Amino acid sequence: MVAQATTLRSTPTLWHTPASTRTETAAIARQIPLARIAAAALFALSSTAIAADTYIARDHVGDGIFTSGIEGPATGPDGALYVVNFGKDGTIGRVDADGKATLFLTLPEGSIGNGIRFGSDGAMYIADYPRHNILRVAPGSTAVSVFAHLPNAHQPNDIALAPDGTLYASDPNWAKPDEGQLWRIDREGKVQLLESGMGTTNGIEVSPDGKRLYVNESVQRNVWVYDLTDDGSLANKRLLIRFDDHGMDGMRCDADGNLYIARYDAGVIAVVSPDGRKIREVPLKGRKPSNVAFGGSDGRQVFVTLQDRGAVETFQADRPGREYGLRPSAKP
């Protein structure tokens, strides 16, 4: 989620919510029979066609199906995509493989969801920003309970789930962009404030090996990386990358640790390597991507929520996500 913030810096225009594939070429030996040459050529053409479809965005859910507060997205153990604010705020929608969206559940009165993650047991965790809670929905249920309350939080915005089951939450203050916070929520729901006095903390993610935490600041356009210690605390904070324009919102890692970052108002997903190199940008139809998630049968399908469209776009990546539902990420 991003919202309008006032600052003396040059800031992006932000919206306020309510409350290759690698192509390998090999020389063909002159003595290869013509039939084998023809077969190799056909294979090359097929591979090129497949590669041409990689990183090309298309619609998955059309305009206006979700509100302008669309966020969340996460692939559940059933392979469906779950997204907040279906039709109206305070709901969660379920999107099947064909892009058909239906109401999954309505949150308790006064609650509005933002980030969603699924635990290893299939439980759904939801950042409820108005009530400063992390909500939980048990596997096979639509009953909502409070898993953790974040005292003195501005709003839990996005959440990341570490391989050991620990949750981390970003906590921006949109009215005061230098008061962002970070929280840790252990497997029993005990909360710990990790850092305060940050920028507008927003997108948050853990590396595939669970040894790094990535956090971005939307207004300041920074992406920070921390080392995660054995007890879950943070160490060795350093700047991974800074962008010169536009904002940032949610982000996810692929199985190689590359970050897919929603570049709010830029209309792209930026793919950044673990050492801070921008690998590519994926153009979108919408301008205001709010978050990303991996899914599909092999984990290579990327879903993007768009606030200016109330829609979901999708494209195929060349690597699977580090997490997608309960499926283990594919081996490199």
Side-chain angles (χ1 to χ4, degrees), residues 1-3 5-9 11-12 14 71 114-117 125-134 147-243 247-253 257 259 261-262 264 272 274-276 291:
M1 174 196 300
V2 291
T6 303
T7 177
L8 295 178
R9 300 181 180 90
T11 61
L14 300 173
E71 253 279 7
N114 202 71
I116 299 176
R117 291 291 174 109
Y125 296 92
I126 308 155
D128 171 11
Y129 67 90
R131 291 196 163 184
H132 302 174
N133 291 326
I134 303 299
F147 176 70
H149 178 70
L150 281 63
N152 303 314
H154 310 300
Q155 61 163 79
N157 187 74
D158 206 357
I159 50 178
L161 183 68
D164 67 358
T166 302
L167 284 164
Y168 295 89
S170 60
D171 181 23
N173 183 344
W174 294 108
K176 297 181 179 180
D178 294 317
E179 290 190 359
Q181 302 183 135
L182 288 179
W183 297 82
R184 177 181 184 269
I185 304 101
D186 71 15
R187 287 171 290 184
E188 287 71 47
K190 182 180 178 181
V191 303
Q192 176 188 3
L193 179 61
L194 294 175
E195 187 170 353
S196 59
M198 296 186 68
T200 49
T201 49
N202 199 335
I204 189 165
E205 177 60 308
V206 178
S207 62
D209 60 7
K211 294 181 179 181
R212 288 179 161 193
L213 178 71
Y214 300 97
V215 182
N216 72 44
E217 298 169 326
S218 291
V219 173
Q220 295 79 8
R221 307 184 185 112
N222 298 319
V223 182
W224 298 99
V225 56
Y226 301 80
D227 293 333
L228 285 172
T229 64
D230 291 341
D231 64 0
S233 60
L234 306 180
N236 192 25
K237 179 182 180 180
R238 64 268 189 202
L239 185 67
L240 182 73
I241 191 172
R242 185 185 188 277
F243 293 93
M248 286 180 287
D249 210 322
M251 56 189 184
R252 290 289 198 279
C253 274
L259 278 171
I261 306 172
Y264 192 88
V272 176
D275 60 1
N291 216 328

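Note that the structure is a prediction, hence the values are computed from the model and not measured.
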Item to check | Contacts of N152 that satisfy side-chain hydrogen bond (donor to acceptor under 3.5 Å, both in side chains) - sequence neighbours left out | outcome: none
Item to check | T229: side-chain hydrogen bond (donor to acceptor under 3.5 Å, both in side chains) partners, not counting sequence neighbours | outcome: D231, S233
For the pair [X] (side chain) and [Y] (backbone), establish whether a donor and an acceptor sit closer than 3.5 Å, ignoring hydrogens and angles.
X: S170; Y: I204; answer: no
X: R212; Y: P274; answer: yes
X: T200; Y: E217; answer: no

For [X], which residues count as a side chain to side chain contact (heavy atoms under 4.5 Å, CB included) partner, sequence neighbours excluded?
X: H154; value: D171, N173, E179, Q181
X: D230; value: none
X: D209; value: S207, K211
X: A162; value: D164, T166, Y168, V206

If the condition is salt bridge (charged side-chain N to carboxylate O under 4.0 Å, His left out), which residues does [X] pass it with, not counting sequence neighbours?
X: D186; result: none
X: R117; result: E205, E323
X: E195; result: K237

Where [X] and [Y] come nearest, the two heavy atoms and their spacing:
X: I134; Y: A127; value: CD1-CA, 4.1 Å
X: G250; Y: N291; value: CA-OD1, 3.2 Å
X: D158; Y: G203; value: OD2-CA, 4.0 Å
X: G115; Y: I159; value: O-CD1, 3.8 Å
X: H132; Y: Q155; value: CD2-CA, 4.0 Å
X: L167; Y: L161; value: CD2-CD1, 3.7 Å

Next on the checklist: Before you tell me yes or no, could you show the steps for R184 and L234 under side chain to side chain contact (heavy atoms under 4.5 Å, CB included), namely the whole-Å CA-CA distance, both residues' side-chain angles and the distance that decides it to 0.1 Å?
Outcome noted: CA-CA 10 Å; R184 177 181 184 269; L234 306 180; over 6 Å; no
Checklist entry - Checking side-chain contact (heavy atoms from CB on, under 4.5 Å) against P156, which of I185, N114, L150 comes through? => result L150
Next on the checklist: Quick one, L182 and T201 - any side-chain contact, counting heavy atoms below 4.5 Å?
Outcome noted: yes
Interatomic spacing from [atom1] in [X] to [atom2] in [Y] - rounded to 0.5 Å:
X: D128; Y: N133; atom1: CG; atom2: CG; answer: 5.0 Å
X: I261; Y: R252; atom1: CD1; atom2: CZ; answer: 12.5 Å
X: I126; Y: E71; atom1: CD1; atom2: CD; answer: 13.0 Å

Next on the checklist: If we count only N and O atoms by modelled type, under 3.5 Å, do the side chains of N216 and N202 hold a donor and an acceptor together?
Outcome noted: no
Item to check | Qualifying ring pair (Phe, Tyr, Trp, His ring centres under 6.0 Å) pairs with a residue from residues 185-235, counting only residues at least two apart or across chains | outcome: none
Next on the checklist: Test of understanding: with ring-ring contact (aromatic ring centres under 6.0 Å, His included), list the residues that count as partners of Y125, not counting sequence neighbours.
Outcome noted: F147
Checklist entry - Under the side chain to side chain contact (heavy atoms under 4.5 Å, CB included) criterion, do L259 and L240 qualify, and how do the steps go? => result CA-CA 11 Å; L259 278 171; L240 182 73; 3.7 Å; yes
